[in-house]
Protein chains: 4
Amino acid sequence: MTSTAEPRPMRADARRNRRRVLDAARVAFEEGGAEVQMEDIARRAGVGVGTIYRHFPTKQALVDELIDEWLADGAANAAEALRIDDPWEGLAHFVRLSAEVMARNRGLRMVFGDIGLLFDENTGHQNRELHDNATRLLARAHAAGTLRADVGLREFRTLMCGLAMTVSLAGPDERRLYADVFLQGLHT
Amino acid sequence: MTSTAEPRPMRADARRNRRRVLDAARVAFEEGGAEVQMEDIARRAGVGVGTIYRHFPTKQALVDELIDEWLADGAANAAEALRIDDPWEGLAHFVRLSAEVMARNRGLRMVFGDIGLLFDENTGHQNRELHDNATRLLARAHAAGTLRADVGLREFRTLMCGLAMTVSLAGPDERRLYADVFLQGLHT
Amino acid sequence: MTSTAEPRPMRADARRNRRRVLDAARVAFEEGGAEVQMEDIARRAGVGVGTIYRHFPTKQALVDELIDEWLADGAANAAEALRIDDPWEGLAHFVRLSAEVMARNRGLRMVFGDIGLLFDENTGHQNRELHDNATRLLARAHAAGTLRADVGLREFRTLMCGLAMTVSLAGPDERRLYADVFLQGLHT
Amino acid sequence: MTSTAEPRPMRADARRNRRRVLDAARVAFEEGGAEVQMEDIARRAGVGVGTIYRHFPTKQALVDELIDEWLADGAANAAEALRIDDPWEGLAHFVRLSAEVMARNRGLRMVFGDIGLLFDENTGHQNRELHDNATRLLARAHAAGTLRADVGLREFRTLMCGLAMTVSLAGPDERRLYADVFLQGLHT
DNA sequence: GATGAATGAGGCTTCATTCAT
DNA sequence: CATGAATGAAGCCTCATTCAT
């Protein structure tokens, strides 16, 4: 919602604090699951709770911001994947990059329990760019005849939620295997 | 005081209430996620909170019971699958049946956020029979050369957690598709 | 309140249950302090909670009954003490017997925290006979000049509450010492 | 994070609130016995329940703090008494001062029902200074031949618990009498 | 009559959020 | 602006009492 009309440049230290809070929150959610408390996040960030509330009106708002960052990462990954000419390789690249992002954000998944909800129509979490890029990645693969025809955007998204679960349970060096199994499942 | 430590037959109405609580809890977790309140569960079950606590000392104990039932269902499914002679068909049957069980227990997944944790060494949730039967299902498929060699019990379990997430986001008629994609990913 | 007009003879087993409950309660209060639960008492008595409620409408009523028994014991002790001719020896005998009773009822003290309250005007716990006998015991000792003049019935009672505390903390073989110290303090 | 583990000076208002809570709790326990509720204490202190829990993690912790203050008062009284040269007068002074402290803390006694428990080995409530000073007070009196030889520290403590009960039932102007009777009982 | 399962008001405690310093 | 102390609604659980078996 802060697309244009920047209200105010924000002081350097304020921006730094904001960043620290977001990073601390991501780590905290990862270690503590859904029940991390604002005090924990504040302590990790090295600030007082009050400072968090200066930047985020609500705990939920803080979580929302993390999700938006997650989706933005996804959009960038999809864009990068589109630069690969081969349709299937592009899709595979996107899946592998996404596995990393999803693993890094495993804490968020635990907050919601249900990643799927994040991409739901009722939540405010849509990233147009991600949506568009993913659509094109799938379309190219469909056109090339390498992606199962019965897997559209909706199915792909649902399956990706499963992959998110899987990779978030796996160690860093296992993610590649799981991405491969996943991709094999999608191939015609 | 009953000499040989009989677990006591339990009055008919008590057993019925216990069952109602478990069923109500499953539904409640499904609709309300992890934060359902004991009062909610009680209301759905048509009993007072006290009755829940007579049967389950703790909210967690109630959840644990549901999980144990889940695993027991899994064990039974695996046993049924073993009765199918063809190794791959047996595995496929187990995966499809499991998709049903996992979908029915989607609420529990949300309670934990992390199903993987359930099968952790540190939690009390192991079902020996499920473990043994699954091991044999995989061994048969490996011997027949139909299952990817790099997918052992651990990997299978991790992947199943992903499938649990996927099917719990899907409608009843989509589960078959997701199970198929999953199985295709596992095949050599 | 059940002086005359016995409502009904009460069946033998009913009377026995009543007795068992009272005894179980005394022991339970002693071991568990004020927070013993009705279930505990029932278990110790070997009956169901319902049976307790058949005999005592309220937990408080059960406690009241125990207190009344305590006071009745005290009255009997005082009567016995009055049969000793020597005034001081009579008083001493009463104090020593009381030490036993108070020790046996230590649990009740913990229930109230404040034995003094038991003898308060606002509670229903007066035992006329105890009151009268104690008055006479003191009067005799005062007349003989062996009891401090500044210790009347009120003061004596207050001091006895202290002795109750002391002996309830002491082992069986220490009670005599504490009673002696107590008596020495009262002597002229 | 303050390198040398400073206990932190604590903000002025925080310290004041902590004090208010302790004082309110003392009064509340006195009036309401063991079953005072945290809400009551909070209301009396003019703070919210949360504030109590910021200072004391548990109701029990609050009680513990009051007990420690009680024992610290006792230790100071014993130290003061030791400055009196005459052994018996020193002991007498300690007993009289203690009567005041015990009366002021009558509520705490009711919380436990059993003060003796407070000085038990299993509770964390020992005050080394009180223990040492009391030991010396008794030793001096024993050496002077004015204190009964069969009353050691243990017996003295047990008897003091009785005095605590007595004075807490008495009005302010009666305490002196009860202390005198007590002392007379201890004298050779 | 006896039993123990069911009830539910009420207590202790937590934690997101607000506000004085 | 930053801090962390204060707030209080809300949740889990207990236990005296009631009631169906």
Side-chain angles (χ1 to χ4, degrees), chain A residues 10-11 13-14 17 35-43 45-62, chain B residues 8 10-18 21 35-43 45-62, chain C residues 10-11 13-14 17 35-43 45-62, chain D residues 8 10-18 21 35-43 45-62:
Chain A
M10 187 183 264
R11 271 165 46 177
D13 59 339
N17 270 343
E35 60 273 6
V36 266
Q37 297 163 220
M38 293 302 265
E39 290 259 351
D40 283 350
I41 297 175
R43 194 163 28 250
V47 302
V49 266
T51 302
I52 298 185
Y53 279 92
R54 171 156 297 274
H55 292 286
F56 307 95
T58 279
K59 189 181 186 181
Q60 185 57 45
L62 173 55
Chain B
R8 241 172 287 162
M10 187 183 259
R11 260 163 53 178
D13 57 341
R15 194 191 332 283
R16 193 184 60 245
N17 272 339
R18 186 188 154 86
V21 168
E35 61 275 5
V36 265
Q37 296 163 220
M38 293 302 266
E39 292 258 348
D40 284 350
I41 297 175
R43 194 164 24 252
V47 302
V49 263
T51 300
I52 299 185
Y53 282 95
R54 165 165 285 270
H55 291 286
F56 308 96
T58 281
K59 190 180 185 182
Q60 183 59 45
L62 174 55
Chain C
M10 186 183 266
R11 270 165 46 177
D13 60 338
N17 271 342
E35 61 273 8
V36 265
Q37 296 163 221
M38 294 302 265
E39 292 257 351
D40 283 350
I41 297 174
R43 193 163 29 251
V47 302
V49 267
T51 302
I52 298 185
Y53 280 92
R54 170 158 299 274
H55 292 287
F56 308 95
T58 279
K59 189 182 188 182
Q60 185 58 46
L62 173 56
Chain D
R8 244 173 285 162
M10 189 183 259
R11 260 164 52 178
D13 58 340
R15 193 189 333 282
R16 194 183 59 246
N17 272 338
R18 186 187 156 86
V21 168
E35 61 274 8
V36 265
Q37 296 163 222
M38 294 302 264
E39 292 256 350
D40 284 349
I41 297 176
R43 194 163 25 252
V47 302
V49 264
T51 301
I52 299 185
Y53 281 93
R54 165 163 285 269
H55 292 287
F56 308 96
T58 280
K59 191 181 185 182
Q60 184 58 45
L62 174 54

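Protein chains get the first letters and strands the later ones, always in sequence-line order, with residue 1 at the start of each.
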Length of the [atom1]-[atom2] vector between [X] and [N], whole Å:
X	N	atom1	atom2	value
L62(B)	dC13(F)	CG	C1'	14 Å
D40(B)	dC12(F)	CG	C1'	13 Å
I52(B)	dC15(F)	CD1	P	18 Å
Q37(B)	dT14(E)	CD	C1'	14 Å
M38(D)	dC12(F)	CE	C1'	17 Å
E35(D)	dG11(E)	CD	C1'	12 Å
N17(A)	dG4(F)	CG	P	13 Å
H55(A)	dT3(F)	NE2	C1'	13 Å

Per [X] side chain, nearest of listed nucleotides [options]:
X	options	answer
Y53(A)	dA16(E), dA9(F), dC12(F)	dA16(E)
K59(A)	dT13(E), dA16(E), dT17(F)	dA16(E)
V49(A)	dT21(F), dT7(F), dT17(E)	dT17(E)

Inset, instruction - Let me know, please, whether R16(D) or G50(D) comes out on the 5' side of the other along DNA chain E by nearest nucleotide. - result: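 Looking at DNA chain E, the more 5' nearest nucleotide goes with G50(D).
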Legend entry - G46(C) or E39(D), whichever maps to the more 5' nucleotide of DNA chain E: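 Result: G46(C).
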Legend entry - Counterpart base for dT3(E), defined by Watson-Crick or G-U wobble contacts under 3.5 Å: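 Partner of dT3(E): dA20(F).
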Inset, instruction - Can you tell me the pairing partner of dA9(E) across any strand shown, Watson-Crick or G-U wobble, with both distances under 3.5 angstrom? - result: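 Per the H-bond distance test, dT14(F).
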Inset, instruction - Show your reasoning for whether salt bridge (Lys or Arg N to Asp or Glu O under 4.0 Å) applies to R16(B) and D13(B). - result: CA-CA 5 Å; R16(B) 193 184 60 245; D13(B) 57 341; 5.7 Å; no
Inset, instruction - Answer with base, sugar-phosphate or nothing: what part of the nucleic acid does V47(D) contact at a heavy-atom distance below 4.0 Å? - result: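 Contact class for V47(D): sugar-phosphate only.
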Inset, instruction - Would you name the heavy atoms of N17(C) and H55(C) that are closest together and state the gap between them? - result: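 In this case the closest contact between N17(C) and H55(C) is CB-NE2, 4.0 Å.
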Legend entry - A45(D) versus V21(D), closest heavy-atom pair with distance: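 Heavy atoms only, the tightest pair is CB-CA, 4.0 Å.
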Legend entry - Nearest-0.5 Å distance, CD of residue Q60(B) to CG of residue L62(B):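 Answer rounded to 0.5 Å: 9.0 Å.
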Legend entry - Rounded distance (nearest 0.5 Å) linking atom CZ of R54(D) with atom CZ of R18(D):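 R54(D) atom CZ to R18(D) atom CZ measures 12.5 Å (nearest 0.5 Å).
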Inset, instruction - Please state whether the phosphate of dA5(E), meaning OP1 or OP2, lies under 4.0 angstrom from any side-chain nitrogen or oxygen of R54(B). - result: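 Checking R54(B) against dA5(E): at least one side-chain N or O falls below 4.0 Å of OP1 or OP2.
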Inset, instruction - Hey, which sits more toward the 5' end of DNA chain F by its nearest nucleotide, T51(A) or A14(D)? - result: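 Nearest nucleotide further toward 5': that of T51(A).
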